[in-house]
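In what follows, chains carry the letters A, B, and so on, assigned in the order in which the sequence lines appear, proteins first and then strands, with residues in each chain numbered from 1.
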Amino acid sequence: MRPPRLAQLVVWLFVAEPDREFLLGDLDEQFAAALPRDGRGRATLHYWNQAMRSAWHARTARRHRAANPHPASARPDMFNVLRDARLGIRTALRSPGYSAVAVLTMALAIGANTLIFSIANPLVLRPLPIRHPNSLGWVWNVNPERGIDRGRSSIADVLDWRATATSFSAIAAYDQRGGTLTGHGDAERVQIMRATANLPDVWGLRAATGRLFETGEDTPGHPLVAALAYHYWQKSFQADPTVVGRQFLLDGTPLTIIGVMPADIEIGTLEQIDLWTPLPLEATTARDDRTLRAVGMLAPGATLASADREITRLAAAQARAYPKTNQRWDARVVSTNIAITGDNTWVILGLLGVIVTFVLLIACANLANLTLARVVSRRQELAVRLALGASRLQLIRPLILESVFLGVLGGLAGLALAWFGVRGIQATAYDALLRATSIDRNVLIFNGVLSILTPILFSLWPALTAGRGATADTLRETRGSSGRKAGRSRQVLLVAQVAMALSLLVVSGLLVQSELYVTKIKLGLDADRVLTFRLELPLDRYTDDAARARFVKTMTDELAAVPGAEGAGAVSTLPLFDTEVTRTFTGTPHDGSKDTDRPWASWFAATPGFFKTTGVALVAGRGFQETDGVSGQSVAVLSRSAAEKYFDRIENAVGRTVVIADRNTPSRAVTIVGVCADTRNSQVIGVSPQMYVPMAQWPMSAVTVVMRSPAPDTLSAGARAVMRRLDPFVGVPTPKSMHQMVEENLSSDVILGWMLIGFAGLALALAAAGLYGVMSYTVGQRRREIGVRLALGAAPAAIRRMILVEGLQVTGVGIGIGLLLALLLAKASASALYGVRASDPATYVVFTAALVTVAIGALWEPALRAMRVDPVTMLRSE
Amino acid sequence: MGDVILGEFEQLVLLALVRQGNDAYGVSLAADIASRTGRNVSIGAVYKALDRFEDKGLVATRIGEPTAERGGRRKKHYRVLAAGQRALKTSIGAIRNMTDGLEAEFKL
């Protein structure tokens, strides 16, 4: 039976030799004596008791002897810390140059980190407005074959899960759609969240006013009720509490307001929701009509893993029972954290995190170098104090406290910088994630911790070096000689700085290139000249296709007549911006044998004016005409890529007839009458095959209107007037120019791109400052040596070359490591790169050259100074 | 060094040392104090006091042989020097003087 090893380790750690041996021996002896007498448990307990108390005594005993040979002068420890802090602050104030550089460097580095943290914070740390996020499982339908990993679910499948899954005590579902709310001022287009009545319970929501849904309100046929979103209640109803109980019309159906949703639920896409209504789960809906998001509350005892297993099993059973609709469809259950974030978001944020960490490390390396230089110049003072009996801790503490003082100042300045950054982002961002950026308590804590840790990080090494290096030899050293060890430390720091700066430059260069690539992509339409808005025709007022077609025709004619308008049109969904509808068809030379291999295209119903208005050029055949109506021949226009993909050549497509065959609608044959230019798909970076059909033949109740003008914004008022006159019950959102929409879409990328450039530039500047500082210092320290060399006949140019080469050698090592690091980082972030390869040689070469140029620039002045050392003055001063 | 002031615990350690003669060491001292005073004595505290005595020249030390029950570690033996005796006498004398006439109350 051995004494407890961990307790022995505690003693070993805290008690120094020679006492350690005797003490451990005594404790072991006591243990051996107690074991037969008291039993193992009590003996062990006793050992621990003794070990801990001995460690405690040893701690005070050792300090007592080492630091304070005169017990009478012993002061409480806290007093020493305060005294050292005062000493540190005084030292900092005595060298304002060093202090200013240190504060500025830390302000930039800590500011950059604080900014990135405040962007990531809402995602990572802000509590979700959900009561028990960890007890929720989010169910996604997945279909690996079609690359769907976050798919929605059908009503019938959700009802199955509700009935059979035991891992969930409740399963809620929801979807979103648009609607027109009338009965309160102008008709208003609203975004609606339709949710099962149990969603408020599952998420743990409480009404801000009134109540939320009650059981049964989501049964099909129940009178429609609705809860207002908080922001919508504020904006459109001036937060009037009496709105509860009032009745309005939603797409012509009467609806009663029962309450107001809580304000804190408005995050991410939920920001856009104006109205919440119950979602009736009609069991008769087709199983392949997957429109719902499902979320379940885990039953007591169930885990995410067990729920995932059960849902996977149920999905497999569904696939067997309904092979036509559910084959190859699987389902999985994920945690709240995974459910609420996107994928690329994490890549970019992770990269930004790495980058600012590097910036911080480079800044630390710079400051460590500066501090090291200062410490080295104070070595004699430190050696004297050490010789007089000061402990290492006493030597180090004022140094570190001085840095911490500067760090706190730098942190405050950094917080101010981050605040400006956050304001800038809030003013320019459209993305919900970036707009959520703000400086809250978490950010303040992060900033504070960084302000303390950064200075400790950069001053600990120099301080320890000083403590170790200050020996009796130091006392005999003459002025101006620098320790060899300190010199090597500085070089290591320089190499690290250069490596990090280069890798940041390369990676941000790659990312900025891919962002430029995205902004320069030809969209395929004249975004600068198009004004657009989306509207939905109330189903109660436009009950049949003819009425809808008539309205669209009248509307486009009238809009085209608005003064300044060069044309107007309408389309079912706007390429590039709206969610795309894809349809499959047959009748091409490339029809596959299986259903899944069928030709497909993004599908748009457009009016005759659409092509001219948006500037989508026709490359063969014709566009749509007024005669392509209900009575005319069914026609279609293919995009260039669709024509080339399915008919090999553009000319082959014109005149051919294909059959659009969809599950929900009867098949319809259409004759291809023209081919138009490609427009980008909604991911912007890709082009998908597209098919246009005349809207007169495929009437739509929700359309996106486009109007053309050299100054599209000037059409806005005219368009609104026309819409009010035509039908005040059709809600119209504020028209926007397509250009503005493009900018809004790209705003996040632009912001992130600017940040990348800024941070990489910062890293380069800091590394250059580091090179300059260290080489200047080295030259200053070696003036005697250089003077001797010159006196012995060395050519000044050779001296200059010597300094340059020394600096560039360090830079070279840094570049080698930096290139490797850059490659690793670039590969890791490859999924965020478009139009440029992670190993793009040009980027690596250009930035290496840039870094070498900057390095030579930074080394030039110290090298010149070395060349101009006057040997006579130098030697005389000895 | 004539007027070394002994703390109360130091008095106990030094007294135990006087009682045990030449072979006293950490375990024996702690055990003696524990059995006579009923206190749960920490060996670390004993060593802390012994270190102070050593610094002030009140005790002499001798390193003993390693034994198996100690995990092969050596013992450090202590014995009281004349200065230690004097310090103890002074301290105990002071207490004697202060308790004169109070014997009935303190059962001395």
Side-chain angles (χ1 to χ4, degrees), chain A residues 1-38 42-43 45-72 74 389, chain B residues 1 3-10 12-13 16-17 20 23-35 38-79 87:
Chain A
M1 183 63 218
R2 280 185 48 85
R5 276 172 198 248
L6 197 59
Q8 286 181 317
L9 183 69
V10 169
V11 175
W12 190 87
L13 276 177
F14 280 88
V15 183
E17 288 288 16
D19 283 358
R20 188 195 293 156
E21 179 182 352
F22 311 123
L23 185 60
L24 275 176
D26 283 0
L27 291 180
D28 281 13
E29 190 182 322
Q30 274 191 334
F31 182 78
L35 202 52
R37 190 178 66 227
D38 303 334
R42 292 190 58 152
L45 198 67
H46 177 75
Y47 196 106
W48 267 105
N49 178 0
Q50 287 286 339
M52 297 308 283
R53 287 165 71 186
S54 302
W56 178 253
H57 282 301
R59 184 196 59 89
T60 47
R62 202 164 24 156
R63 177 172 309 160
H64 174 85
R65 270 203 294 176
N68 259 318
H70 309 296
Chain B
M1 295 298 275
D3 50 347
V4 172
I5 314 271
L6 291 178
E8 191 249 0
F9 185 70
E10 288 177 321
L12 296 183
V13 176
L17 213 47
Q20 296 190 4
D23 288 330
Y25 68 109
V27 174
S28 64
L29 291 170
D32 197 17
I33 298 172
S35 67
R39 291 194 198 182
N40 181 2
V41 182
S42 144
I43 293 203
V46 173
Y47 273 109
K48 191 175 153 190
L50 289 171
D51 281 354
R52 268 200 300 272
F53 296 156
E54 210 179 336
D55 284 350
K56 293 172 186 168
L58 307 188
V59 297
T61 65
R62 163 173 71 82
I63 306 294
E65 290 305 309
T67 63
E69 63 192 353
R70 298 175 59 85
R73 298 185 189 86
R74 295 172 300 173
K75 279 183 194 170
K76 191 174 186 183
H77 297 284
Y78 293 83
R79 91 189 138 80

Quiz item: Minimum heavy-atom separation for B/Gly44 to A/Ser54, with atom names?
Solution: N-OG, 3.2 Å
Quiz item: Counting heavy-atom pairs under 4.5 Å to chain B, which of A/Asp26, A/Asp28, A/Asn49, A/Leu24 comes out on top?
Solution: A/Asp26
Quiz item: A/Gln30 side chain to B/Val27 main-chain N or O, any donor-acceptor pair under 3.5 Å?
Solution: no
Quiz item: Side chain, backbone, both or neither: which part of B/Ile63 has a non-hydrogen atom closer than 4.5 Å to chain A?
Solution: side chain
Quiz prompt | Rounded distance (nearest 0.5 Å) linking atom CZ of A/Phe22 with atom OG1 of B/Thr61 | solution = 8.0 Å
Quiz item: Between atom CZ of A/Phe31 and atom CZ of B/Arg70, what is the distance when rounded to the nearest 0.5 Å?
Solution: 15.0 Å
Quiz item: Heavy atoms, side chains only, cut-off 4.5 Å: are A/Glu29 and B/Arg73 in contact?
Solution: no
Practice problem: Indicate yes or no: at least one non-hydrogen side-chain atom of A/Leu23 is less than 4.5 angstrom from one of B/Lys76. | Solution: no
Quiz item: Where does B/Val41 contact chain A at under 4.5 Å (heavy atoms): side chain, backbone, both or neither?
Solution: backbone
